[in-house]
Number of protein chains: 2
Amino acid sequence: MELHEPELRDVPVTAVLAALADDVRLQIVRALAEGGGEYACGTFEFGISKATRSHHLKVLREAGLTRTRVAGTTRFVRLRRDELDRLYPGLLDAVLTAPTPTPPTRD
Amino acid sequence: MELHEPELRDVPVTAVLAALADDVRLQIVRALAEGGGEYACGTFEFGISKATRSHHLKVLREAGLTRTRVAGTTRFVRLRRDELDRLYPGLLDAVLTAPTPTPPTRD
DNA sequence: ACCCTTGTTCGACTTTTGTCGAACAAGCTC
DNA sequence: GAGCTTGTTCGACAAAAGTCGAACAAGGGT
């Protein structure tokens, strides 16, 4: 069971940005960044189905944002923080420290 | 002719990221950033039609990334650099200094 | 006035993306 | 091994996004 985890330098920056440009995935990334460690996939319960969650984690992985460790039937996910900070200094910080996930719905 | 230019703080960060997560738009943003000043829409010739270009410029504008000045039949576009740097410190720099627009197609 | 230039808007079309339930795969545990 | 748990994969579907040509709008020449 090989996981496709690309070299970060081989990922177009647009793919990285696209991966971050989704509410669900941003929540996941925030959670990962906040905890700092690794989390089982099942940890991320944001009112989405298993299938959808699996999909988003795949997008993140293939965009080079996360790394996954397989342990039995469980998969532990973690942010590739160091690599990201090295290749895109400031990007992750900027995104993570950004205001609220969705602004207070002022229209 | 009112142009819809939102307050940056009212734009979800995912919208900003989505706006940047496209090759054509990223090229436009790079061009704007490099030049530093303002450019007529027609400046951006990336092998796309007028309609498509207009569309991308609209996306950028509505994501709060650019500001547009109308002068006769021409429209001048510029990056909202200062505001962006203030609200998302490091983001733009990170994106702009990123390697090549599309990595050397190694597959 | 007429035409040319600059852009936008309007369908229309295609591709991509997000979402789900259901089926499947692979480990655990008893 | 039967059954449970954890995730992935497979259609299917709807919504969103990118693209274009054609029509339109509004200024600026001459």
Side-chain angles (χ1 to χ4, degrees), chain A residues 1-6 11-29 31-32 38-78 101-102, chain B residues 1-6 11-29 31-32 38-78 101-102:
Chain A
M1 185 19 167
E2 283 307 307
L3 289 179
H4 179 222
E5 293 183 344
V11 179
V13 66
T14 46
V16 175
L17 292 169
L20 291 169
D22 174 279
D23 270 317
V24 173
R25 290 195 293 267
L26 194 47
Q27 284 184 71
I28 294 176
V29 170
L32 287 173
E38 58 181 13
Y39 291 85
C41 298
T43 310
F44 310 106
E45 273 298 349
F46 302 122
I48 57 178
S49 72
K50 285 195 305 178
T52 302
R53 176 189 32 179
S54 199
H55 162 69
H56 285 305
L57 289 171
K58 184 179 185 180
V59 172
L60 288 173
R61 176 162 31 89
E62 296 190 337
L65 288 174
T66 59
R67 218 173 264 287
T68 303
R69 180 173 66 88
V70 181
T73 140
T74 308
R75 277 142 138 92
F76 291 97
V77 180
R78 67 180 183 284
T102 311
Chain B
M1 187 16 165
E2 283 306 309
L3 289 179
H4 178 222
E5 294 184 345
V11 179
V13 66
T14 46
V16 175
L17 292 168
L20 292 168
D22 176 280
D23 270 316
V24 173
R25 289 195 293 267
L26 195 46
Q27 284 184 73
I28 295 177
V29 170
L32 288 173
E38 58 181 14
Y39 291 86
C41 297
T43 311
F44 311 106
E45 274 297 349
F46 303 122
I48 57 179
S49 71
K50 284 195 307 178
T52 301
R53 176 188 33 180
S54 199
H55 161 70
H56 285 305
L57 288 172
K58 183 178 186 182
V59 172
L60 288 174
R61 175 163 31 86
E62 296 190 338
L65 288 173
T66 60
R67 217 172 267 288
T68 303
R69 180 173 67 88
V70 180
T73 139
T74 308
R75 278 143 137 90
F76 291 97
V77 180
R78 66 179 184 285
T102 311

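We name chains A, B, ... by the order of the sequence lines, and we start the count at 1 in each one.
- When rounded to the nearest whole Å, the span between CG of A:Asp23 and C1' of C:dT17 equals 14 Å.
- The interatomic distance linking B:Glu45 (CD) with C:dG7 (C1') rounds to 13 Å, in whole Å.
- If B:Lys50 and B:Arg53 are placed on DNA chain D by their nearest nucleotide, the residue sitting closer to the 5' end is B:Arg53.
- The nearest whole Å value for the distance from the CG atom in B:Leu60 to the P atom in D:dA17 is 14 Å.
- One interatomic measurement links the two molecules: CD1 of A:Ile28 to C1' of C:dG18, which rounds to 13 Å at whole-angstrom precision.
- Counting non-hydrogen atoms under 4.0 angstrom, B:His56 reaches the backbone sugars and phosphates but no base.
- Residue whose closest nucleotide on DNA chain C sits further toward the 5' end, between A:Ser49 and A:Gly72: A:Ser49.
- Between D:dT9, D:dC20, C:dG18, one nucleotide has an atom nearer to the side chain of B:Ala51 than all others, and that is D:dC20.
- Within 4.0 Å (heavy atoms only), B:Thr74 reaches sugar-phosphate atoms of the nucleic acid but no base atom.
- No contact: A:Leu57 has no heavy atom under 4.0 Å from any strand.
- Using a 4.0 Å heavy-atom cutoff across all strands shown, B:Thr52 reaches at least one base atom of the nucleic acid.
- Judged purely by atom type and a 3.5 angstrom limit, B:Arg78 has no side-chain atom pairing as donor or acceptor with the backbone of B:Arg69.
- The nearest whole Å value for the distance from the CZ atom in B:Arg25 to the P atom in D:dA17 is 9 Å.
- In this structure, B:His55 places its NE2 atom 17 Å from P of C:dG11, rounding to the nearest Å.
- Put simply, CG on A:Leu17 is 14 Å from P on C:dT17, counting in whole angstrom units.
- For the atom pair NE2 of B:His56 and CD of B:Gln27, the computed distance is 10.0 Å after rounding to the nearest 0.5 Å.
- Nucleic acid contact class of B:Ala40 (heavy atoms, under 4.0 Å, all strands): sugar-phosphate only.
- Computed from coordinates, the B:Phe46 CZ to D:dG18 C1' distance equals 16 Å when rounded to whole Å.
- Side-chain atoms of A:Arg61 never come within 3.5 Å of backbone atoms of A:Thr66 as a donor-acceptor pair (strictly under, hydrogens ignored).
- OP1 or OP2 of D:dT8 lies within a sub-4.0 Å distance of a side-chain N or O belonging to A:Arg75.
- Side chain of B:Glu5 to main chain of B:Gly64: no donor-acceptor pair is present (N/O by atom type, distance under 3.5 Å, no hydrogens or angles).
- Judged purely by atom type and a 3.5 angstrom limit, B:Arg75 has no side-chain atom pairing as donor or acceptor with the backbone of B:Gly42.
- Residues A:Thr73 and A:Gly47 both approach DNA chain C. Their nearest nucleotides, taken by heavy-atom distance, put A:Gly47 toward the 5′ side.
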